[in-house]
Amino acid sequence: MKYKIAGLFMTLLVVAMAAAIPLLNVKDARQKRYHQHLEEPAYIPCQDHGDSVFCSHLPLVLINTEEQEIPGAATDMEDRFYETIHTKAADGSDFINVEVSVIDNEEGNNHLTDQPDFVTRSLFRIRGHSSRRFAKASYLMKFVDQDGRDNRISVMGM
């Protein structure tokens with residue numbers, strides 16, 4: 001009987017503590033939620049040109065593959081272990097070397113004709129294994145320096 005009473009007491013104690021936690025309302029400064037749609041001004045489309053020029057308030061990331069085929073796409077062929085064979089670059093490697101440019105005007109809208117804020121080289125391919133068979137592929141991008149070594153850089157604050 002005493003174990004039933006102790007168990008009931010512990011259960012009631014846990015329920016009371018769970019109910020009291022929201023009442024404490026202790027919030028750290030890091031937990032403040034940022035409501036961008038409430039704090040940022042509304043998007044204003046470009047007024048100085050018509051719909052013929054691409055205009056966006058979002059940053060533009062331009063990837064120039066220089067007309068190389070992006071490796072990593074699934075083919076209809078299989079290897080001797082019945083695994084799907086994926087395409088390779090023209091030189092037989094898994095990556096192609098591409099130029100990546102970022103256009104991010106802080107004060108206004110972004111256009112494809114604007115001067116890029118950031119230009120670098122990157123190794124590029126289709127990423128994943130099972131997702132390669134779908135029409136919308138994910139891509140893997142590795143930033144490299146002129147010598148082809150890893151280049152850990154910050155892009156758009158990330």
Same cluster or not: are [X] and [Y] linked, directly or through other Ile, Leu, Val, Met, Phe, Trp or Tyr residues, by side-chain heavy atoms under 4.5 angstrom apart?
| X | Y | answer |
| --- | --- | --- |
| Ile63 | Val102 | yes |
| Phe54 | Ile103 | yes |
| Val155 | Tyr139 | yes |
| Val61 | Ile126 | yes |
| Ile70 | Val144 | no |

Residues which pass salt bridge (Lys or Arg N to Asp or Glu O under 4.0 Å) with Asp94, listed by chain and number, not counting sequence neighbours:
Lys88

Quick one: which residue pairs count as a ring pair (Phe, Tyr, Trp, His ring centres under 6.0 Å) with a foot in residues 91-122, not counting sequence neighbours?
His49-His111

May I ask you to decide if Leu58's main-chain N or O and Asn110's side chain share a donor-acceptor pair within less than 3.5 Å?
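Yes, the answer is positive, given that a donor and an acceptor are paired below the 3.5 Å cut-off.
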
Ignoring hydrogens and angles, tell me if any N or O in the side chain of Asp147 forms a donor-acceptor pair with the backbone of Arg149 under 3.5 Å.
no

Among Ile96, Asn97, Val98, exactly one meets side chain to side chain contact (heavy atoms under 4.5 Å, CB included) together with Ser122. Which residue is that?
Val98

Among residues at least two apart in sequence or on other chains, which ones pass side-chain contact (heavy atoms from CB on, under 4.5 Å) with [X]?
| X | answer |
| --- | --- |
| Glu66 | Asn64, Gln68, Arg121 |
| Thr84 | Ala74, His86 |
| Asp76 | none |

With sequence neighbours left out, write down each residue that passes side chain to side chain donor-acceptor pair (under 3.5 Å) with Ser93, or none if nothing qualifies.
Asp91

